[in-house]
Structures are given as structure tokens and as C-alpha cells.
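Scroll down for the structure; my scribbles are underneath it.
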Amino acid sequence: MRTAVVVGASGGIGRALTERLAGAGQYDRVFALSRRGVEFGDDRIVSSRIDLTDEASMEAAAREAGAPELVIVATGVLQTARLRPERTYRAIEADAMIEAFRINTVGPALVAKWFLPSLPKDRPAVFAALSARVGSITDNRLGGWHDYRASKAALNMLICNFALELARERPLAVCVGLHPGTVETSLSEPFQRGVPPTQLFTPAYSATCMLSVLERLTPADSGGVFAWDGARIAP
Ligand SMILES: NC(=O)c1ccc[n+]([C@@H]2O[C@H](COP(=O)([O-])OP(=O)(O)OC[C@H]3O[C@@H](n4cnc5c(N)ncnc54)[C@H](OP(=O)(O)O)[C@@H]3O)[C@@H](O)[C@H]2O)c1
């Protein structure tokens with residue numbers, strides 16, 4: 001029984017990843033985890049609940065999923081009632097920054113805490129978290145978006161750390177970050193103006209690209225962050 005898990009299956013990209021994984025026929029079961037427990041109307045997709053601010057929900061979801069070969073964390077926030085992508089350091093607010101880190105950094109880290117021990121030891125397995133190119137420190141030419149950028153840069157560091165630890169106990173496993181491109185979802189909606197149509201992807205296209213990137217990765221790639229086209233993003 002081959003199992004995949006998508007955390008954040010209610011999101012634009014998470015939903016597309018779930019549907020692609022179930023449709024490809026490579027997995028017998030796809031656990032679609034979200035706060036609301038969204039339904040997909042597909043026998044291979046098992047909907048269940050998870051909240052990144054509730055560690056007990058992660059423990060329960062990990063127990064239910066068994067030993068998945070693939071875990072993708074597709075959650076994240078850029079703008080909420082409190083969180084605004086700042087243009088200047090003058091706009092930094094402690095509570096907003098804490099919210100960005102709580103969802104974009106601490107959330108995926110706790111998912112890793114509960115799901116990495118479930119990855120099989122005797123065959124290849126993948127843990128991937130949706131990051132963002134703007135989390136790259138060397139690639140930063142524009143500045144701004146302090147909370148989001150910093151929370152994704154910290155996530156990238158954790159991915160590198162987890163990969164080093166995983167290599168010792170599960171040498172066949174891969175742990176990476178993924179940049180999906182600019183994708184038409186509610187997260188990017190306020191920022192889509194000015195993005196050339198050829199660079200604005202549908203969630204289905206981005207999901208297909210990222211899944212084919214994951215298929216090509218080997219344990220030697222573990223710890224890195226990869227874009228939708230397979231290019232490694234500088235730390
Ligand atoms: N779209 C882009 O252009 C783009 C570009 C670069 C990187 N990314 C990254 O890609 C990932 C997915 O983004 P998206 O565009 O698909 O955004 P989205 O449509 O807004 O989806 C975000 C997902 O995160 C979930 N989430 C937020 N807070 C949560 C919590 N406390 N517990 C559980 N789930 C929570 C949402 O769940 P609810 O439905 O319950 O709110 C939703 O499933 C994010 O990490 C984002 O940073 C996106």
C-alpha cells in the first residue's frame with residue numbers, strides 16, 4: 001500500500017497536488033489534510049484534519065497516515081488580517097511577524113517532527129515543504145516582505161537541518177523545499193498584477209512540474225530548495 005500525504009489540501013496548490021497524486025495512480029491512498037477536512041469525491045483520497053497551531057492534530061494525522069512514501073507540506077501565509085507584506089522595516093509588527101513564523105516555519109517544522117519518523121527506512125521516501133524563492137538570502141535584490149521572506153529563509157534552514165539528520169537514519173530519504181513559481185491562488189491574488197501571463201501558472205501546472213521535480217531528486221539533493229523547473233535555488 002503506497003501512501004502520500006498533502007498538508008494544506010484546501011489551498012490552491014495543495015488541492016492541485018492532491019488531485020494530481022491521486023490521478024497519477026502511483027499511490028493507493030492520498031491523505032488530504034486541512035483545517036476544514038475538505039472532501040474530494042475520490043475513493044483514493046482520505047480527507048482528514050490538521051491545524052498547524054495544534055500539535056496534537058499533527059500527531060493524530062501522522063498516526064492515521066501510517067508509513068507514507070511522500071509527505072508534502074503545502075501550507076503557508078503571506079497576507080492575513082494581521083500580516084501584511086511590508087515595504088519597509090518601519091511597518092514591522094511583532095504579532096504579525098510571529099504569525100508568519102508560526103505558520104510558515106514552526107508549522108512545517110512540527111509536521112516534520114511528527115511525520116519524518118514515519119517515513120520508511122528500507123525504500124526511497126520524500127518530505128517536501130513549499131517554500132518560496134524570496135526565502136533565498138543571496139537571491140534577494142528587492143527587499144521588503146520582511147516577515148514572509150524571513151519565515152521562508154528560516155524554513156529553508158530547517159529543511160537543511162532535517163536533511164542532515166535524516167541522512168543518518170534514513171539514507172534513502174530526501175528532504176527538500178520547493179518553489180512553485182507564481183501560481184494563481186488566493187495567496188498570490190493581490191500581487192498578480194504585473195506578472196506576465198506566461199509566468200503566472202495554474203495550480204495544476206505548478207503541481208505537475210513540482211511532482212516531476214520530486215521524482216528526479218536523489219538523496220544527494222536532500223537539504224536543497226528546488227524551483228518548479230528543477231533549478232536549485234541558492235540559499
Ligand atoms: N501562490 C504562489 O504564487 C506562491 C509562490 C511562492 C510560494 N508559494 C507557497 O506555496 C504554498 C501554498 O500556497 P498557495 O498559493 O496554495 O496558498 P493558499 O491557496 O492560500 O493555501 C494556503 C494553505 O495553507 C493553509 N493554512 C494556513 N494556515 C493554516 C493553519 N494554521 N493550519 C493548517 N493549514 C493552514 C490553508 O488552509 P485553510 O484553507 O484552512 O486556510 C491553505 O490550505 C505556501 O507555502 C506559499 O508560501 C506560493
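Numbering of ligands and ligand atoms starts at 1, following listing order. Numbers here are sequence positions counted from 1.
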Which atom names give the shortest non-hydrogen contact between E55 and K113, and what distance separates them? OE2-NZ, 2.7 Å

Identify, for atom 31 (N) of ligand 1, the protein heavy atom at the shortest distance, and state residue, atom and that distance. D51 OD1, 3.3 Å

Does one side chain, of S131 or N156, offer a donor that lies under 3.5 Å from an acceptor on the other? yes

Near S131 (heavy-atom distance under 4.0 Å), the atoms of ligand 1 are 7 (C), 8 (N), 9 (C)

Could you name the option among L130, V38, L52, L33 that has the heavy atom nearest to atom 32 (N) of ligand 1? L52

Counting heavy atoms only, which part of E184 comes closer than 4.0 Å to ligand 1: side chain, backbone, both or neither? neither

By salt bridge (charged side-chain N to carboxylate O under 4.0 Å, His left out), which residues pair with R44, not counting sequence neighbours? D42

Using a strict 4.0 Å cut-off to heavy atoms of G8, name the atoms of ligand 1 that fall inside it. 43 (O)

If you draw the axis of the six-membered ring of F127, does the NZ or CZ of R170 fall within 45° of it and under 6.0 Å from the ring centre? no

Return yes or no for this condition: an N or O of P180 is under 3.5 Å from an N or O of ligand 1. no

Which one of G12, A227, G37 has a non-hydrogen atom at the shortest distance from atom 18 (P) of ligand 1? G12

Is T53 close to ligand 1, meaning an N/O of one under 3.5 Å from an N/O of the other? no

A student comparing G76, G181, S188, A132 should find that the heavy atom closest to atom 5 (C) of ligand 1 comes from G181

Taking all heavy atoms of A65 and all of F31, pick out the closest pair and write down the distance. CA-CE1, 3.6 Å

Hey, is ligand 1 close enough to I103 that some N/O pair sits below 3.5 Å? no

Below 4.0 angstrom from a heavy atom of A74, which ligand 1 atoms are there? Numbered from 1 as shown, please. 11 (C), 12 (C), 23 (C)

Are a donor atom and an acceptor atom from the side chains of E64 and S48 found within less than 3.5 Å of each other? yes

Ignoring hydrogens, what is the shortest heavy-atom contact between V38 and S34? Give both atom names and the distance. N-OG, 3.3 Å

Given Y148, F201, F191, identify the one with the heavy atom nearest to atom 46 (C) of ligand 1. Y148

Counting only heavy atoms closer than 4.0 Å, does ligand 1 sit against the backbone of K152, its side chain, both, or neither? side chain

Where is the tightest heavy-atom contact between L155 and L130, given as atom of each residue plus distance? CD2-O, 3.7 Å

Does only the side chain of T75 get under 4.0 Å from ligand 1, or the backbone, or both, or neither? Count heavy atoms. both

At a non-hydrogen distance cut-off of under 4.0 Å, which region of T185 contacts ligand 1 (side chain, backbone, both, or neither)? side chain

What do we get for S10 next to ligand 1 when only non-hydrogen atoms under 4.0 Å count, side chain, backbone, both or neither? both

Would you say I50 and ligand 1 have an N/O pair spaced under 3.5 Å apart? no

L116 and F162: which non-hydrogen atoms are nearest, and at how many Å? CD1-CB, 4.0 Å

Relative to the ring of F201, is the ring of W228 parallel (under 30°), tilted (30 to 60°) or perpendicular (over 60°)? perpendicular

Ignoring angles and geometry beyond distance, decide whether R35 reaches within less than 3.5 Å of ligand 1 through its nitrogen or oxygen atoms. yes

Apart from L200 itself, its cluster of hydrophobic side chains linked below 4.5 Å comprises V195

Knowing that exactly one of L83, V77, V134 qualifies, which makes a side-chain contact (heavy atoms from CB on, under 4.5 Å) with Y148? V134

Quick one: look at S34 and ligand 1, take heavy-atom pairs under 4.0 Å, and tell me if it's side chain, backbone, both or neither. neither

Number the atoms of ligand 1 from 1 as they appear, then name those within less than 4.0 Å of a heavy atom of G11, with their elements. 19 (O), 21 (O), 42 (C), 43 (O)

Show the atoms of ligand 1 that are less than 4.0 angstrom away from any heavy atom in T182. 3 (O)

